[in-house]
Amino acid sequence: MASLRILLTPGDGIGPEVMEEALKSLARIEALYNHEFQYETEIIGGAAIDKYGTALRPETLTAAKSSAAVLFGAVGGPKWDDPAAKVRPEQAILGMRKGLGLFANIRPVRIHPLMIDDSTLKPEVLEGTDMVVIRELTGGIYFGKPQKRWTTSRGRRAVDTMRYSETEVRRILQVGFEMARQRRKKLTSVDKANILDTSRMWREIATEMAADYPDVELEHILVDAAAMHLIRRPSSFDVIVTENLFGDILTDEAAMLPGSMGMMPSASLGKRRKDGTGIGLYEPIHGTAPDITGQDKANPLAMILSAAMMLRLSLGMESEAQSLEKAVDAVIADGYRTPDIAGKDSTPVGTTKMGDLVAERVAR
Ligand code: NAD
């Protein structure tokens with residue numbers, strides 16, 4: 001059994017508001033399943049800049065390293081928005097990823113049948129959509145060297161380098177194969193193998209690894225085609241795995257399928273143990289929503305679903321994770337909606353009430 005130490009980093013804006021609601025449901029899990037989570041709370045992001053002059057204190061990273069998981073709210077806001085500033089709130093999340101070796105970003109995309117009309121896509125296109133998009137997080141063109149700009153007699157020049165090692169590619173593909181194995185057993189590997197050498201190597205390694213996963217169907221698609229198919233036939237995907245830059249774009253595209261950011265959880269994972277668990281950072285994909293902060297309007301469901309991912313992927317608590325997810329489904333089915341997902345014939349509720357309703361429905 002993994003340690004039950006959980007670091008809470010609520011952050012700024014609506015971060016603390018949605019975190020509080022997730023904790024209500026986690027308290028129900030503790031009571032129902034006889035667990036005792038050991039929480040530690042750290043200030044990060046803009047709040048930490050105000051208090052300590054840095055977005056992520058070394059003490060916070062040390063606390064994260066000795067925890068099984070980090071439950072992260074969101075960081076940032078107009079007060080700290082100067083992109084030229086030396087200390088910026090987002091350094092908290094980047095520092096956590098680097099410090100904890102989180103190399104895989106996971107975003108499940110599932111459309112609740114009752115919310116299918118909220119999307120900008122036609123219901124018949126979206127029907128049955130239930131996929132996970134996995135993005136490599138610590139390699140590729142974001143970190144490859146050389147990366148620089150210079151001026152020549154014929155004008156400005158710049159270079160970025162897309163670089164991958166076999167180890168980096170194998171470990172992210174492994175996350176993809178393992179996840180596909182636990183789901184509908186289909187893995188779509190996205191690359192640009194008709195142009196890029198990194199992609200040709202990626203495709204080659206994926207094909208080699210497929211021999212160890214005979215139960216998983218592997219398909220390769222070029223990233224341009226993937227961008228198209230995501231909105232044309234989203235329900236045909238099960239698990240998608242891709243490198244950093246392609247993943248950055250495709251995860252945001254996929255995130256828009258359900259129509260609301262307030263429903264979308266995410267996980268960033270590091271090294272896995274044999275049982276599949278390991279350190280992870282779990283956060284809603286939305287930001288700090290300064291426009292609705294402090295108004296009891298924020299949708300806490302993405303944060304609650306992030307907590308469910310934490311139970312599953314860092315604590316190895318599959319039944320507990322499902323209990324949380326079922327409670328969220330039940331609240332949606334009962335017609336309760338925060339303003340961002342308000343629909344016809346729904347019952348409007350605020351952040352706190354939504355948190356209470358989910359917690360009440362958490363059952364074993
Ligand atoms: P945002 O996600 O905060 O908000 C975009 C829109 O979605 C807003 O209208 C907001 O009210 C709404 N929204 C977001 N989450 C919601 C929720 N749970 N319930 C209901 N409505 C919700 O994005 P933004 O406005 O571009 O950024 C605001 C701040 O958040 C910026 O400082 C940005 O840097 C930061 N940010 C942080 C993270 C993170 O911490 N991981 C991610 C994205 C943005």
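These numbers come from a predicted model, not from an experiment. Read the numbers this way: they start at 1 and go in the same order the structure lists the ligands and their atoms.
A salt bridge is absent between E168 and R163: the closest approach of a Lys/Arg side-chain nitrogen to an acidic carboxylate oxygen does not fall below 4.0 angstrom.
For the residue pair A298 and E17, the shortest heavy atom distance occurs at CB-OE1, 4.3 Å.
Sorted by first then second residue, the ring pair (Phe, Tyr, Trp, His ring centres under 6.0 Å) pairs that include residues 211-258, not counting sequence neighbours, are F177-Y213.
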May I have the step-by-step check of salt bridge (charged side-chain N to carboxylate O under 4.0 Å, His left out) for K122 and E127, ending in yes or no? CA-CA 9 Å; K122 289 185 188 139; E127 205 174 344; over 6 Å; no
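Heavy atoms from other residues, nucleotides or ligands lying under 6.0 Å from CZ of R232 number 12 at most.
Sorted by chain then number, the residues whose non-hydrogen atoms approach ligand 1 to under 4.0 Å are I14, A74, V75, G76, G77, D81, M261, G262, E283, H286, G287, T288, A289, P290, D291, I292, A298, N299, D340.
Cation-pi check for R135 over Y142 is met; the charged atom lies under 6.0 angstrom from the ring centroid and within 45 degrees of its normal.
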